[in-house]
Amino acid sequence: MKIIVSGGGTGGHIYPALAFIRTIKQKHPDTEFLYIGTSKGLESKLVTREEIPFKSIEITGFKRSISFENVKTVLRFLKGVKESRKIIREFKPDMVIGTGGYVCGPVVYAAAKENIPSIVHEQNSVPGLTNKFLSKYVDKVAICFESATGFFPKEKVVLTGNPRASEVAGIKKTDILARLGLTDLKPSVLIFGGSRGARPINEAVVASLESFAQKPYQVIYVTGDVHFDKVKKEAEAAGELKNVVITPFLHNMPEVLRSVDAVVSRAGATSIAEFTALGVPSLLIPSPYVTNNHQEKNARALVEKDAASLLLESELTSENLVRHIDQIVLDAEKKKRMSESAKQLGMPDATSRLYNVMLQLTGNRQAREK
């Protein structure tokens, strides 16, 4: 099978796409992939680094306010559609999938107009503008949260989950805690605010360090590169913290997640896919700075199933942070219940589900052509 993948702008759109490609290449090595993104986007670095064939088009997103820039965006969209049709005709894909971000707009739209089976994959509980627009033209809309169903044509929606879950589900437990200078004999909590960190979370954690030092659990605290030096200096002022490890970044996050008892994090779709695939109880602190407040809605979808606790950034204090963590980690029954609920929401077969939808669509096309 030959598949075109398009998605960009943020890691939340790119990482699921890469997870899908890697997993399918392992299971079906003869599958050919082509990734279409923008030359200036994050995808150009992440995709080419993995030696996946990559082509770029020029496109920008719409402004949400009335702006002359939107006229330019329409013209770029039309140009992007023309470029995409040319690429599609040259590559001759059996399937095209868009994973979100404005770059996949002209790509997936062009595929639909070329009568190529097409899918959009929506990671969040509230979809972005591009996927809502494309849902009118594609054959199927793959979702990760049931609550996203109402935003799309009902007959097109299929619940597949996030391909990132398929990648992490098979991670085995290792000696990662020992390598971080911790022990397997105590419960462990991972706290992080994303790759760049999150200042409000960092401030609350720094204020909580002395409290953590008295707890019967361990803390792995990921600050983000930007904040590390400042946090490290403030941590030194708190005295000796034998049960707290502070690091700017973790390159082996899934390995750490497999070994911890709980996680404190933002509520991005990819992170949630990892937590649920591994059955890790979570305290979610949604970013209030994202489109349509979708992180809070992602978080509430887990809270409703008793798979996570929610702490809004507006209510984030040292006292509230420590109290919420204690309620999860120090209550064995609650921790077990949350872990089981998270696993029930996790979809470790997400990539297989998505691939099976593709096989069905390409099979239907072949049948029609006969």
Side-chain angles (χ1 to χ4, degrees), residues 7 9-17 61-62 64 98-102 104 120-135 140-154 156-165 191-196 198 200-201 204 262-316 320-321 324 328 338 341-347 350 353-354:
T10 68
H13 298 312
I14 303 164
Y15 291 125
F62 279 99
R64 290 185 175 268
T99 58
Y102 52 79
C104 75
V120 287
H121 182 268
E122 178 54 60
Q123 299 86 37
N124 290 297
S125 55
V126 180
L129 290 174
T130 302
N131 278 357
K132 283 198 281 189
F133 164 74
L134 290 173
S135 68
K140 290 292 180 182
V141 178
I143 61 172
C144 302
F145 291 89
E146 290 182 355
S147 54
T149 302
F151 294 96
F152 302 114
K154 190 174 181 181
K156 293 185 178 182
V157 173
V158 56
L159 181 65
T160 63
N162 193 316
R164 183 62 179 153
I191 304 176
F192 73 103
S195 58
R196 291 181 58 81
I201 295 177
V263 59
V264 180
S265 165
R266 290 302 200 189
T270 300
S271 293
I272 286 177
E274 294 176 349
F275 305 159
T276 55
L278 294 170
V280 184
S282 55
L283 169 59
L284 300 175
I285 307 173
S287 170
Y289 315 110
V290 295
T291 306
N292 293 326
N293 197 28
H294 68 257
Q295 282 205 7
E296 181 179 336
K297 291 162 187 172
N298 290 350
R300 291 192 183 280
L302 267 68
V303 172
E304 288 172 5
K305 301 294 185 180
D306 198 23
S309 293
L310 172 65
L311 177 57
L312 297 178
E313 188 172 294
S314 59
E315 301 171 354
L316 177 58
N320 282 342
L321 177 65
H324 274 82
I328 297 172
M338 289 178 73
S341 297
K343 279 184 179 177
Q344 289 175 6
L345 292 176
M347 297 184 192
R353 290 184 183 211
L354 194 52

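Here the side chain of His13 pairs no donor or acceptor atom with the backbone of Gly9 at under 3.5 angstrom. Between the side chain of Glu313 and the backbone N or O of Pro200, no donor-acceptor pair lies under 3.5 Å.
Distance OG1/Thr99 to CG/Leu354: 10.0 Å, rounded to 0.5 Å.
What you find for Gly193 and Arg266 is that their closest heavy atoms are O-CG, 4.0 Å. When every heavy atom of Ser287 is checked against every heavy atom of Asn293, the shortest pair comes out as O-OD1, 4.2 Å. Here the closest non-hydrogen pair linking Pro16 and Pro163 is O-CB, 3.5 Å.
The side-chain contact (heavy atoms from CB on, under 4.5 Å) check on Val126 picks up Phe151, Asn292, His294, Lys297, with sequence neighbours excluded. For Asp306, the side-chain contact (heavy atoms from CB on, under 4.5 Å) partners are Arg337, Met338, Ser341, not counting sequence neighbours. Residues that satisfy the side-chain contact (heavy atoms from CB on, under 4.5 Å) test with Lys305, not counting sequence neighbours, are Leu345. Applying the side chain to side chain donor-acceptor pair (under 3.5 Å) rule to Ser125 yields the partners Asn298; only residues at least two apart in sequence or on another chain are considered. Scanning for side-chain contact (heavy atoms from CB on, under 4.5 Å) contacts around Glu304 gives an empty result, with sequence neighbours left out.
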Could you list the donor-acceptor pairs under 3.5 angstrom formed between side-chain atoms of residues 127-134 and any protein atom two or more places apart in sequence or on another chain?
| unit_1 | atom_1 | unit_2 | atom_2 | d |
| --- | --- | --- | --- | --- |
| Asn131 | ND2 | His121 | O | 3.4 |
| Asn131 | ND2 | Glu122 | OE1 | 2.9 |

Side-chain atoms of residues 268-286: list all donor-acceptor pairs with protein atoms under 3.5 Å, sequence neighbours left out, distances to 0.1 Å.
| unit_1 | atom_1 | unit_2 | atom_2 | d |
| --- | --- | --- | --- | --- |
| Glu274 | OE2 | Arg164 | NE | 2.6 |
| Glu274 | OE2 | Arg164 | NH2 | 3.1 |
| Thr276 | OG1 | Ile272 | O | 2.9 |
| Thr276 | OG1 | Ala273 | O | 3.2 |

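Counting only residues at least two apart or on different chains, the salt bridge (Lys or Arg N to Asp or Glu O under 4.0 Å) pairs with a member in residues 277-296 are Glu296-Arg300. Contacts classified as side chain to side chain donor-acceptor pair (under 3.5 Å) and involving residues 141-151 (residues at least two apart or in different chains) are not found.
Counting only heavy atoms from C-beta outward, the side chains of Phe192 and Val263 approach each other to under 4.5 Å. Counting only heavy atoms from C-beta outward, the side chains of Ser135 and Pro153 approach each other to under 4.5 Å.
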Assess whether side-chain contact (heavy atoms from CB on, under 4.5 Å) is satisfied between Ile201 and Leu316, documenting all intermediate values. CA-CA 8 Å; Ile201 295 177; Leu316 177 58; 4.1 Å; yes
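Val264 pairs with exactly one of Ile328, Leu311, Leu321 by the side chain to side chain contact (heavy atoms under 4.5 Å, CB included) rule, that one being Leu321.
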